[in-house]
Chemist: 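I'd like to ask you about the structure that follows.
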Amino acid sequence: MMVMGIKGNQLPEQDREETLEQRLKRQGVSRRGFLKFCAAAASAMALPPSMVPAIAAALGSVTRPSVIWLSFQECTGCTESLTRSHLPTIESLIFDAISLDYHHTLQAAAGQAAEEAREMAMEKFKGEYLVLVDGSVPMADGGIYSTIAGISNIDMLRDTVENAAAVISVGSCAAFGGLPNAEPNPTGAVGIGDLMEMGEIASKPLINVPGCPPIPVVITGVIAHYLTFGTIPELDHLHRPKSFYGDTIHDRCYRRTFYDQGKFAESFDDEGARLGWCLYKLGCKGPTTHNVCATTKWNEGTSFPIESGHGCIGCSEPKFWDAGGFYEALSEPTGALGTAAKTAVGVGVAAGALSAWQNLSKRSGAAAEREKVTIDDLEQK
Amino acid sequence: MGEANELLLWAKGPAFEWALGIMIFGIVIRLIEIFSLGRRVDYSVARENSPGSGLKTIFSRSYKVELSTPQVTRTVITGYIFHIGLLITVALFIPHIEIWRSIIGFGWPGLPTSIVDFVAVITMLTLLVVLVDRLTNPVKKQLSTIGDYLAWLVTFLPLLTGYLTYHHLGLPYTEMLAIHIISVELLMIILPFTKLIHSVTIFIARWYNGDQFARKGVAS
Amino acid sequence: MSTLDAISIETEPFVDINDGSGAQAILREIERLLEHLIDNGEEGVIDIKTIPLSLHEHEQLHYVLGRGELTATLNSMGKSIVHETAIAGVWRTIHYNDDGDVIADLIEVTTLPEILKSDLTDMQNALDELRKRIETEQPLIV
């Protein structure tokens, strides 16, 4: 499994000053090994291989930043996903490259000691530390629905983000509110970006890494990008890195050919499903979902949902729980159409009857008031 | 966060509900109005007994067309092309069939996307020809009202936005899809209150005319 | 016999879409890169791993490129295999991690992949090292 021993709270000063390249060298990794590491990192970060020299140069100069990982209304699925990153050598090295000073699930310290580690890191690396968040933040009733060490999530977040260098929201809950935010959202759950927009927390550079959970190497890839270049990668309008969320699943799907040919599976066990035809009719949300599942895939690049015969549920998009049934075609209207139609007929008939009565009475009224022309009238002309 | 998704959800959800409701309401009220007008009793004796003239006329008007002048020929041919094109895109594109299925409970086989795509382009081009014709032909221009141009626009927009959506042109897919759905909803809302109501009333009108003509001795 | 063995295994026929033109597209790109290398001396790299190719397209690509006369193996943080294809100047580099998973699969259009060259710093360190060894007439014991 991953080598991700939490780096305690007290990392020796010289250890923090050391660059990744120096660190690797100390571990007996040659320059060639380092170049190889950079090539793999480029691949993991979805950067073109021509960037390898730039990555090598950057990793030769950056030192290890302090990272505080906050977990709020979440299921730990994102952390589970992260620990299954399929390039263990790479990611363990990447994690050697940061100092993870606070993470509920992974840290050894507990209770008061854990909170002290967070406070110490915040104090020591003011304005430099990176905040990673998974889980949404409940805002209803003063934020009482989720607390850690007696501190409400919103208070802890506000406090921690205040002096952070940047924030990475890991998973759809932190990015967009996710499952807790689904209708009727009893806890008033919101994502980190929304809190920044609402002015509830300080506005800091924000990277969203949505997914339920995100692909393991995407989480590490985004972190690696920030660590390597010290900059925020190019983001889309939802603050998602374009290198991972630039294309839709549909655009990169190997079953796209069948969509274009009009060959669709009608049920999960018909001939079309067996032949691997398009899953659009079975509710695949691939066309509106931005992620790299179709190329990076899951479980060490083995497969992804569509390859396993199930449509995309759109988990990296905002409001995916409320975006219509998972098994209803994307084009299907979601409203109560029967009710709408019946009401419309009822109201239409009533209004039509009224209008008809009005027209008829107008006509009979007109007929009654019509002046009759007699022979005498005509002769007078 | 996620305005595009919100817009799509709104377009697919409440907006579609309302559009469908308004369309049905409009059609119902207009049909009742038309039928309730009635006609004065015709005391004259019918010329001949010609059963089925009404039904026959519904079809005969579609193929018994005299192409008397180039202008008429152009109108008929372009009319045919874009009506058939519209039917194909609306009824035989597979994602559209899924909408029909969710409304009326059953579906039917569709066409490959590339064919529908081609048909959509032809339909749009034909609609442009029709518009140019309307604007340049003095008689048509005189006859046209704002309602006619509105009807043209709401027919053309769903085709255009649908094409852009499928080819990922202009806006990102999610936004474009939302706009496409909204453009269709606009068509649905406007349909009953413009000449587009002919999609419903045409067969009633043809039946009535066929029947009346038969009474007067010129049965189909 | 465990209960699992009682479940018969049916193999579904393998479906591969072989009407894609991914291999053709990449080959054209390689053609362009090689042209560029000859004319301007600029190198190019393609990351095969991040391009969605069907199994058929993958095979087609490597079938066309063929295998050249040179193969080098690197043992650092897992194995790496670098070989020249039958097309001179077009190299394939596959990096594996310690578990044997492919972590990078590159097509490099270059006279010699960077990873095969000796590094200047390494050479400077090696020079000191060599001098020590000449003095002691012994390889360094790490």
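Both backbone and side-chain heavy atoms feed into the values below; hydrogens, waters and symmetry mates do not. In what follows, chains carry the letters A, B, and so on, assigned in the order in which the sequence lines appear, proteins first and then strands, with residues in each chain numbered from 1. These numbers come from a predicted model, not from an experiment.
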Chemist: If I compare all heavy atoms of B:Val28 with all of A:Gly348, which pair ends up nearest, and what's the gap?
Modeler: CG1-C, 3.4 Å

Chemist: Just grab all the side-chain hydrogen bond (donor to acceptor under 3.5 Å, both in side chains) pairs involving residues 111-122 of chain B, residues at least two apart or on different chains.
Modeler: B:Asp117-B:His167

Chemist: Quick one: pull up CG in A:Asp251 and NE2 in B:His168 and give me the separation to the nearest 0.5 Å.
Modeler: 4.5 Å

Chemist: Start with the C-alpha gap between A:Ser355 and B:Glu33, add the side-chain angles, then the distance that decides, and say whether side chain to side chain donor-acceptor pair (under 3.5 Å) holds.
Modeler: CA-CA 7 Å; A:Ser355 167; B:Glu33 275 182 344; 2.6 Å; yes

Chemist: Do A:Ser331 and B:Trp100 have side-chain heavy atoms sitting under 4.5 Å apart?
Modeler: no

Chemist: How about residues 194-208 of chain B versus chain A: which residues have heavy atoms under 4.5 Å apart?
Modeler: none

Chemist: Measuring from B:Phe16:CZ to A:Thr334:OG1, what's the distance to the nearest 0.5 Å?
Modeler: 10.0 Å

Chemist: For chain A, which residues of residues 142-166 of chain B have at least one non-hydrogen atom nearer than 4.5 Å to it?
Modeler: B:Tyr166

Chemist: Kindly compute the distance separating CD (A:Glu317) from CG (B:Asn5), expressed to the nearest 0.5 Å.
Modeler: 5.0 Å

Chemist: Could you tell me which of B:Gly107, B:Ala15, B:Gly13 has the largest number of non-hydrogen atom pairs under 4.5 Å with chain A?
Modeler: B:Gly13

Chemist: Between B:Ile27, B:Thr174, B:Leu31, B:Ile32, which residue shows the highest count of heavy-atom pairs closer than 4.5 Å to chain A?
Modeler: B:Ile32

Chemist: Please report the interatomic distance NZ(B:Lys12) to CD(A:Glu328), rounded to the nearest 0.5 Å.
Modeler: 8.5 Å

Chemist: For a 4.5 angstrom cut-off between non-hydrogen side-chain atoms, does A:Leu330 reach B:Glu98?
Modeler: no

Chemist: Using non-hydrogen atoms only, which part of A:Thr343 is less than 4.5 Å away from chain B: side chain, backbone, both, or neither?
Modeler: neither

Chemist: Determine yes or no for a side-chain-to-main-chain donor-acceptor pair under 3.5 angstrom, with B:Ser36 supplying the side chain and A:Ala356 the backbone.
Modeler: no

Chemist: Shorter than 4.5 Å, heavy atoms on both sides: which option in A:Gly177, A:Gly352, A:Gly262, A:Ala350 has the most such pairs with chain B?
Modeler: A:Gly352

Chemist: Would you give the length of the straight line joining atom NZ of A:Lys263 to atom CD1 of B:Ile94, rounded to the nearest 0.5 angstrom?
Modeler: 11.0 Å

Chemist: If we define contacts as heavy-atom pairs under 4.5 Å, which of A:Gly338, A:Gly314, A:Pro333 has the most with chain B?
Modeler: A:Pro333

Chemist: Below 4.5 Å, heavy-atom pairs only: which of B:Ile99, B:Leu111, B:Leu177, B:Leu20 has the largest tally toward chain A?
Modeler: B:Ile99

Chemist: Applying a heavy-atom distance below 4.5 Å, give me the residues of residues 358-365 of chain A that approach chain B, sorted by number.
Modeler: A:Asn359, A:Leu360, A:Arg363

